[in-house]
Amino acid sequence: MHLSGNSIIVLNVNGEDKTVMVKPAYTLLHVLREELSLTGAKSGCENGDCGACTVLVDDMPVKSCLMLAVEAVGHRITTVEGLKNAPIQDAFIKNWGFQCGYCTSGFLMVCHALAMHKPDADDPIIEEWLQSNLCRCTGYEEIENAVKSILSGNYK
Amino acid sequence: MIPFDFDYYKPESMDEAFKCYQDLLINNKKPLYYGGGTEIISMARVKGIVFDSVIDLKGIPECSQLEVSGGKFRIGAAQTLTNIAECNAYPLLSKTIKRIADHTIQGKITIGGNLAGTIKYREAALPLMISDCSLQVMTQGGLAELPFSKAFNGKLQLKKGEFLVSVLIEENDLSLPYNHVKRTKQEKIDYPLITMVALKNEKAIKTAITGYGDNPIILSERIINHKLYNVEQKINKIINLAHSDCKGDLSGSREYKEFVLENMLQEMFSNFEKIG
Ligand SMILES: Cc1cc2nc3c(=O)[nH]c(=O)nc-3n(C[C@H](O)[C@H](O)[C@H](O)COP(=O)(O)OP(=O)(O)OC[C@H]3O[C@@H](n4cnc5c(N)ncnc54)[C@H](O)[C@@H]3O)c2cc1C
Ligand code: FES
Ligand code: FES
């Protein structure tokens, strides 16, 4: 594959193939927000530190500020818009898992992936996954409670 | 947002990638091999790196292998830290890479990128520095296999246009008793103040550290395993010997790093003593 300048690629986003014009230098975050109007993934640090831009690629969390859109060709992308009433969304509401909400879509994606891949996750695994994201408002405990409430471990 | 344009190439074979790089050079281009892209994207965003084309290595089968076969653990250079840790064929390597960056980014960083990157820590190199390990490198003359110590001297020693294809680790070393400690300035997720790994085989303990100076280094095997020195003497001699490598930085002063290393070594000797 060789792409140069404005190029047309197909991205599979939230189960639908989207044809989009990109430059190779565009990050996935940029294309989701600016070309596809999916503004759920947020731009924070754009340096891999905060996790506000987290989406799922083939069901695994990825910081979309550190991925080129062209790298995502042939992979399944899920954004917070594609969650469509997943249990973690309700769990965040019930457990007061957010305040300003800026970090929330990123946390939702990480927690959703965690529940998918490690439904029996124990405390160290939960901590390991959640440590990829930053929240400046909550004390993290509410977010942890939210994710624990949807895991099948010993938390319910 | 990356503030400049570049071309993107995704070759499907080693030869195609190598030729692509050479052709771009001939045309006065500035190509870069591309692994996970985390360093390239974050540096490009602040114009800290210059290139006009990237050659993504993730489409090359040899760069994506991940298996134990023929007595070796074979890791393609484009394998992500997450996949390597999940397969867990080499627990010391798994443990080390599970402390690089954070869990989400580990799914993007490749082992080739960590070894070849310009960020000085290169934590994934530590377990390779102390095991029986070799690197497969794509060169002008084709695929070459080099002992790790020859191809990596704190930094990957590649000629322009060469790229790392895979890491091969002898199966015998994979299950040896080990020690891993990462100390950071404050947060759990951070670059290391010092990361230390150690392996113990029937003959000797081998130890490597990063964060101490400009590059990862191996600590003197002769002193660590000296029959006549007690633990305190060994630690003093190691710290003296590594004094010129030690550099203070934002994570800690030189004196503090020496103090921390002293404690890490103490812990390492005592851990290995317990297992006999
Ligand atoms: C947020 C963040 C936190 C980090 N934390 C840590 C940490 O705690 N410890 C640590 O050790 N490192 C850390 N790093 C550094 C990281 O491991 C390196 O930047 C690494 O280069 C990233 O790997 P990559 O696959 O994304 O590399 P890329 O960005 O793809 O490439 C980096 C460099 O390596 C070259 N390259 C890549 N693959 C090859 C290959 N196969 N052959 C030859 N050259 C190649 C590229 O040309 C480029 O120059 C961190 C990085 C980030 C972004
Ligand atoms: S915006 Fe991507 S990690 Fe902060
Ligand atoms: S809710 Fe405001 S940053 Fe997390």
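Chain letters run A, B, ... following the sequence lines, proteins first and then strands; every chain starts at 1. Just so we're clear, the structure is a prediction, and the values are computed from it rather than from any experiment. The figures here come from the full heavy-atom set of this structure, side chains too, leaving out hydrogens, waters and symmetry mates.
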Participant: For A/N85, is the CG atom crowded, meaning more than 12 foreign heavy atoms sit under 6.0 Å from it?
Facilitator: no

Participant: Can you tell whether the side chains of B/K58 and A/E71 come within less than 4.0 Å, N to carboxylate O?
Facilitator: yes

Participant: If I measure from the heavy atoms of chain A, does B/Y34 come under 4.5 Å with its side chain, its backbone, both, or neither?
Facilitator: side chain

Participant: Does a salt bridge link B/R99 with A/E128, judged by any charged N lying under 4.0 Å from a carboxylate O?
Facilitator: no

Participant: Would A/L68 and B/I41 count as a side chain to side chain contact (heavy atoms under 4.5 Å, CB included) here? Give the steps.
Facilitator: CA-CA 8 Å; A/L68 300 176; B/I41 295 175; 3.9 Å; yes

Participant: Before giving the answer on side chain to side chain contact (heavy atoms under 4.5 Å, CB included), spell out for B/K188 and A/E127 the whole-Å C-alpha distance, their side-chain angles and the decisive distance to 0.1 Å.
Facilitator: CA-CA 11 Å; B/K188 187 169 177 196; A/E127 191 189 323; 4.0 Å; yes

Participant: Tell me, out of B/D56, B/T38, B/I40, B/V46, who's got the most heavy-atom pairs with chain A below 4.5 Å.
Facilitator: B/T38

Participant: Using a 4.5 Å cut-off on heavy atoms from C-beta on, say whether the side chain of B/Y9 contacts that of A/M1.
Facilitator: no

Participant: Evaluate B/K108 against A/M67 for side chain to side chain contact (heavy atoms under 4.5 Å, CB included), listing each step before the verdict.
Facilitator: CA-CA 8 Å; B/K108 196 78 175 37; A/M67 183 172 201; 3.6 Å; yes

Participant: Looking only at heavy atoms, what is the nearest atom pair of B/I2 and A/A25, with distance?
Facilitator: CD1-O, 3.5 Å

Participant: Chain B heavy atoms under 4.5 Å from A/L130: which part of the residue, side chain, backbone, both or neither?
Facilitator: neither

Participant: Between B/S42 and A/L66, does the side chain to side chain contact (heavy atoms under 4.5 Å, CB included) criterion hold? Intermediate values first, please.
Facilitator: CA-CA 7 Å; B/S42 45; A/L66 290 186; 4.1 Å; yes

Participant: What closest approach, in Å, do A/S132 and B/D102 show between heavy atoms, and which atom pair accounts for it?
Facilitator: OG-OD1, 3.3 Å

Participant: For A/H30, which atoms come within 4.5 Å of any heavy atom of chain B: side chain, backbone, both, or neither?
Facilitator: side chain

Participant: Is it true that, when you exclude B/K120 itself, more than 12 heavy atoms of the residues, nucleotides or ligands shown sit nearer than 6.0 Å to its NZ?
Facilitator: yes

Participant: Taking atom CD of B/E67 as the centre, does the number of heavy atoms from other residues, nucleotides or ligands within less than 6.0 Å exceed 12?
Facilitator: yes

Participant: Considering only heavy atoms, which portion of A/K63 lies under 4.5 Å from any heavy atom of chain B: side chain, backbone, both, or neither?
Facilitator: both

Participant: Where is the tightest heavy-atom contact between B/R45 and A/E46, given as atom of each residue plus distance?
Facilitator: NE-O, 2.8 Å

Participant: Could you check which of A/M60, A/K23, A/E34 has the highest count of heavy-atom pairs closer than 4.5 Å to chain B?
Facilitator: A/K23

Participant: Measure A/V57 against the heavy atoms of chain B and call it side chain, backbone, both or neither at under 4.5 Å.
Facilitator: neither

